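As the structure is a computational prediction, the values presented were derived from the model and not from experiment.
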Amino acid sequence: MPETFLSAAEKLVEEGLVGDAIFLLEEAVENGKETAEIAKMLAKLSLQIDEVRAFQSWCHEALRMNPKDLEIYQMLEDYFRIHGRDFEADEVRAVADSMHLRG
């Protein structure tokens with residue numbers, strides 16, 4: 001069922017309806033259908049509309065559900081580096097590296 005929400009949200013994004021895609025995915029979360037993939041997509045979409053706090057919150061939520069998803073760490077690291085927040089980027093990279101080593 002979560003895949004249905006993701007597919008529908010991807011179609012909305014392709015149509016340029018990012019806000020509708022966010023609404024759809026947030027509705028899925030409210031109805032107990034949340035997955036790490038939904039949270040990750042919400043993070044990506046939040047960043048597209050410059051909602052930085054939402055981006056960070058959804059990244060952390062996705063990591064809570066799937067702490068070994070290295071893409072999420074990369075998303076955070078990239079955001080921090082682009083915005084000159086190298087210390088935070090380095091912290092994220094260190095955690096990602098330790099997660100990767102644990103396999």
Participant: Measure the NZ-CD1 distance between Lys33 and Ile38 for me, rounded to the nearest 0.5 Å.
Facilitator: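 If we round to the nearest 0.5 Å, Lys33:NZ and Ile38:CD1 are 9.5 Å apart.
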Participant: Which residues pass the side chain to side chain contact (heavy atoms under 4.5 Å, CB included) test with Leu63, sequence neighbours left out?
Facilitator: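 Scan of Leu63 (side chain to side chain contact (heavy atoms under 4.5 Å, CB included), adjacent residues dropped) gives Ile72, Tyr73, Leu76.
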Participant: Rounded to the nearest 0.5 Å, how far apart are CZ of Phe55 and NE2 of His60?
Facilitator: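 So the CZ of Phe55 and the NE2 of His60 are separated by 8.5 Å.
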Participant: Listing request: all ring pair (Phe, Tyr, Trp, His ring centres under 6.0 Å) pairs with a residue in residues 18-42, at least two apart in sequence or in separate chains.
Facilitator: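 Non-adjacent pairs meeting ring pair (Phe, Tyr, Trp, His ring centres under 6.0 Å): zero.
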Participant: Taking side-chain hydrogen bond (donor to acceptor under 3.5 Å, both in side chains) as the definition, give me every residue that meets it alongside Lys44, ordered by chain and number, with sequence neighbours left out.
Facilitator: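 Partners of Lys44 by the side-chain hydrogen bond (donor to acceptor under 3.5 Å, both in side chains) criterion, ordered by chain and then number, come out as Glu71.
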Participant: Determine yes or no for a side-chain-to-main-chain donor-acceptor pair under 3.5 angstrom, with Asn31 supplying the side chain and Glu27 the backbone.
Facilitator: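 Yes, the answer is positive, given that a donor and an acceptor are paired below the 3.5 Å cut-off.
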Participant: What's the spacing between Asn66 CG and Lys40 NZ if we round to 0.5 Å?
Facilitator: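 If we round to the nearest 0.5 Å, Asn66:CG and Lys40:NZ are 7.5 Å apart.
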Participant: Give, for atom CD1 of Ile49 and atom CD of Glu51, the distance between the pair rounded to the nearest 0.5 Å.
Facilitator: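 It is 5.0 Å, given to the nearest 0.5 Å.
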Participant: What are the two closest heavy atoms between Ser46 and Ile22, and how far apart are they?
Facilitator: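 Looking at all heavy atoms of both residues, the closest pair is N-CD1, 4.4 Å.
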Participant: Would you sort out whether Gln56 and Phe80 count as a side-chain contact (heavy atoms from CB on, under 4.5 Å), showing the intermediate values?
Facilitator: CA-CA 10 Å; Gln56 291 177 343; Phe80 290 138; 3.4 Å; yes
Participant: Indicate every side-chain donor-acceptor pair of residues 82-95 with a distance under 3.5 Å to a residue at least two apart or in another chain.
Facilitator:
unit_1 : atom_1 : unit_2 : atom_2 : d
His83  : ND1    : Tyr79  : O      : 2.9
Arg85  : NE     : Glu88  : OE1    : 2.6
Arg85  : NH2    : Glu88  : OE1    : 3.3
Arg85  : NH2    : Glu88  : OE2    : 2.8
Asp86  : OD1    : Arg81  : NH1    : 3.4
Asp90  : OD1    : Arg81  : NH1    : 3.1
Asp90  : OD1    : Arg81  : NH2    : 2.6
Arg93  : NE     : Glu77  : OE1    : 2.8
Arg93  : NH1    : Asp97  : OD1    : 3.1
Arg93  : NH2    : Gln74  : OE1    : 2.8
Arg93  : NH2    : Glu77  : OE1    : 2.7

Participant: I need the minimum non-hydrogen distance between Ala39 and Trp58, along with the two atoms involved.
Facilitator: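 Looking at all heavy atoms of both residues, the closest pair is O-CB, 3.4 Å.
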Participant: Hey, any chance Val18 and Val29 share a hydrophobic cluster, counting ILVMFWY side chains that come within less than 4.5 Å of each other, even indirectly?
Facilitator: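 Both belong to a single hydrophobic cluster.
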Participant: Excluding sequence neighbours, so at least two apart, what forms side-chain hydrogen bond (donor to acceptor under 3.5 Å, both in side chains) with Arg53?
Facilitator: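 With neighbours one apart ignored, the set is empty.
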Participant: Please check if atom CG in Asp50 has more than 12 non-hydrogen atoms from other residues, nucleotides or ligands closer than 6.0 Å.
Facilitator: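 Count not over threshold, so no.
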Participant: Can you tell me how far apart CD (Glu34) and CD (Glu61) are? Round to the nearest 0.5 Å.
Facilitator: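 It is 4.5 Å, given to the nearest 0.5 Å.
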Participant: Go through the structure and list residues passing side chain to side chain contact (heavy atoms under 4.5 Å, CB included) with Ala9, not counting sequence neighbours.
Facilitator: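 Ala9 satisfies side chain to side chain contact (heavy atoms under 4.5 Å, CB included) with Ala21, Leu24, Leu25, Met41 once adjacent residues are dropped.
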Participant: Restricting to side chain to side chain contact (heavy atoms under 4.5 Å, CB included), what partner residues turn up for Glu14, sequence neighbours left out?
Facilitator: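 Not a single residue meets the side chain to side chain contact (heavy atoms under 4.5 Å, CB included) criterion with Glu14.
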Participant: Can Leu45 and Val13 be said to form a side-chain contact (heavy atoms from CB on, under 4.5 Å), step by step?
Facilitator: CA-CA 9 Å; Leu45 295 176; Val13 170; 3.6 Å; yes
Participant: Rounded at 0.5 Å granularity, tell me how far CE in Met75 sits from CG in Leu47.
Facilitator: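 Met75 CE to Leu47 CG: 7.5 Å, rounded to 0.5 Å.
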